[in-house]
Amino acid sequence: MSLVKRCRHSRAGVVPALLVGALALATTLVGGPATAAQQGTLHELAAAQGRYFGSATDNPELPDAAYAAILGSEFGQITPGNSMKWDTTEPAQGRFDFAKGDVVADFAQQHGQTVRGHTLVWHSQLPGWVGALPSAQVEAAMTNHITEEVTHYRGAVAAWDVVNEPFNEDGTFRTSPFHTAMGSDYIATALRTAHAADPDARLYLNDYNIEGLGAKSDAMYALASELIAEGVPLDGIGMQAHLAVQYGFPYQMRENMRRFADLGLDVAVTELDVRMRLPADAAKVTTQSSYYQQVVEACLAVERCVGITVWDYTDKYSWVPGTFPGEGAANLYDENLAPKPAHDAVRTALGGGDDGGGEDGDPGALKVRYRNSDGSGTDNQIKPGLQLVNTGGTAVSLSSVTVRYWFTGDNGASAYNSWCDWSPIDCSTVTHRVVAVATPVAGADHYLEVGFTTGTLAPGASTGEIQLRLNKADWSNFDESDDYSHDSGTSYADAAKITAYVGGELAWGIEP
Ligand code: 9MR
């Protein structure tokens with residue numbers, strides 16, 4: 001391993017205090033909240049709040065230069081998704097192989113990041129030889145494995161998930177070769193062994209579905225209380241937080257974190273992602289953003305919550321589609337590495353400005369072009385043709401964009417229908433609905449809201465024409481002449497009275 005132990009490089013905006021042990025201590029790591037709020041990376045924003053913001057990564061992803069650039073700059077902590085697990089590090093008894101884990105640790109060192117080691121003792125990704133051992137030999141194999149791995153990464157790994165996923169959903173202990181051989185004592189033994197190998201590493205128990213109050217987190221709470229009472233070296237609880245929009249937000253996450261903190265433990269969100277059934281739509285994307293935001297808010301509300309790690313930052317390398325067929329879109333960046341609305345929600349929750357896609361604090365450089373495709377301004381339909389153009393230098397994730405065409409309903413029914421008739425980006429990716437303006441103004445008591453379920457607009461690119469149409473449910477006529485966004489031009493031109501938003505923030509045009 002080429003790591004220079006206990007010595008890390010700093011990078012712009014992060015002082016060298018991002019050292020071993022800083023996971024627990026992270027206090028003022030950047031110049032000041034005002035600067036961070038303007039321009040900070042996710043990690044710098046988190047660091048200004050005394051937290052870290054990290055991502056999982058995996059060896060096959062690191063040669064992807066665009067991916068690695070964001071991983072190395074936006075995040076202050078990384079977790080190897082697979083390469084420190086037992087099947088990789090000790091595939092045959094006594095034969096240790098840390099080559100892949102070292103690649104991740106070296107990446108972290110080069111980018112001034114801390115490492116969460118994942119994971120020492122787990123029933124899964126366990127090489128066959130462990131399960132085949134006679135019970136009487138399992139404890140020695142486990143303690144040897146922990147000692148070798150933790151010693152190897154002394155000074156390079158700040159915190160370890162010593163035991164991963166010890167519980168069943170009902171709070172009973174999960175069966176594993178370790179539990180079979182030692183009963184639940186294997187957990188204390190594992191923690192003591194890890195502590196002996198690296199007294200400076202922060203030692204965690206990590207599990208999923210323990211984010212909210214419930215039977216499983218109660219079991220973790222009881223175990224943690226017991227271990228503390230017995231003087232077992234336990235520093236923190238890792239809450240994986242693999243959430244899904246269709247299952248709701250964990251019940252009272254903040255309270256749950258707080259009760260562990262009240263035991264004197266650190267809490268970390270270790271594997272955050274928020275999946276959904278595909279295809280994504282505006283409602284799911286909004287729910288997802290809100291879940292990400294609520295996790296950040298919960299962590300910031302509990303002093304002992306030391307940081308948040310997302311389980312990789314991009315849909316490009318998510319574990320979700322492979323495990324839950326038909327689900328995905330779980331991460332902060334899309335498959336083209338463009339930030340999604342959830343990214344903006346996290347930034348905002350961390351106290352930063354919503355940058356609407358990562359462009360220097362700007363909500364996004366977009367413009368709307370419009371032509372009137374309606375031969376009559378007094379019939380029962382309104383037919384705007386729209387084009388969205390990226391005028392900036394950074395890709396914009398279309399799922400973070402909405403557009404509003406403002407008009408008046410001219411009495412008649414209050415219910416509307418809207419249609420996308422044709423677009424080269426495919427109408428199935430275009431969402432549209434008519435929304436009543438809460439406080440109507442001249443020229444606008446409604447707007448047609450257009451959104452996108454997917455897609456990325458590269459710098460300079462246009463969506464091409466999106467042919468839209470709307471009518472009242474009673475098919476009564478409009479008088480379009482006084483509509484705020486209406487223009488009689490039948491060729492495409494920039495339209496300042498049609499507004500566009502990135503991550504909910506005005507990015508183009510003037511509202512009525
Ligand atoms: O991200 C990991 C994925 O690449 C592996 O195929 C998978 C195998 O179990 O493990 C994934 O990571 C898991 C983590 O180690 C523990 N919590 C659940 C994670 C997602 O499955």
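FYI, the numbering just counts along the sequence from 1. Being a predicted model, the structure only gives us computed values, none of them experimental. Atoms within each ligand, like the ligands themselves, are counted from 1 in listed order.
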Could you tell me whether R116 sits above the aromatic face of Y204, with NZ or CZ closer than 6.0 angstrom to the six-membered ring centre and within 45 degrees of the axis? yes

Looking only at distances, please establish whether an N/O atom of ligand 1 is found under 3.5 Å from an N/O atom of [X].
{"X": "D58", "answer": "no"}
{"X": "E165", "answer": "yes"}
{"X": "K85", "answer": "yes"}

Can you confirm whether the side chains of R275 and S318 place a donor and an acceptor under 3.5 Å from each other? no

Enumerate the atoms of ligand 1 whose separation from the nearest heavy atom of W122 is less than 4.0 angstrom. 9 (O), 15 (O), 16 (C)

Pull out every atom of ligand 1 sitting under 4.0 Å from any heavy atom of N164, numbered as shown with elements. 16 (C)

Tell me which part of [X] gets within contact of ligand 1: side chain, backbone, both or neither, using heavy atoms under 4.0 Å.
{"X": "Y208", "value": "neither"}
{"X": "T119", "value": "neither"}
{"X": "N82", "value": "side chain"}

With a 6.0 Å cut-off (strictly less than), is the heavy-atom count around OH of Y251, excluding the residue itself, greater than 12? no

Around atom CD of Q93, are there more than 12 heavy atoms of other residues, nucleotides or ligands at under 6.0 Å? yes

Residue, atom name and distance, where the atom is the protein heavy atom closest to [atom]:
{"atom": "atom 1 (O) of ligand 1", "answer": "W311 NE1, 2.8 Å"}
{"atom": "atom 14 (C) of ligand 1", "answer": "H118 NE2, 3.3 Å"}
{"atom": "atom 19 (C) of ligand 1", "answer": "E271 OE1, 3.4 Å"}
{"atom": "atom 9 (O) of ligand 1", "answer": "Q125 OE1, 3.3 Å"}

Holding to salt bridge (Lys or Arg N to Asp or Glu O under 4.0 Å), I want the full list of residues that pass it with E169, two or more places apart in sequence or in another chain. K216

Using the six-membered ring wherever Trp is involved, compare the ring planes of F98 and H152 and label them parallel, tilted or perpendicular (cut-offs 30° and 60°). parallel

Can you tell me how the ring of H118 sits relative to the ring of W122, calling it parallel under 30°, perpendicular over 60° and tilted otherwise? tilted

Name all pairs fulfilling the side chain to side chain donor-acceptor pair (under 3.5 Å) condition that reach into residues 126-138, sequence neighbours left out, sorted by first residue then second. none

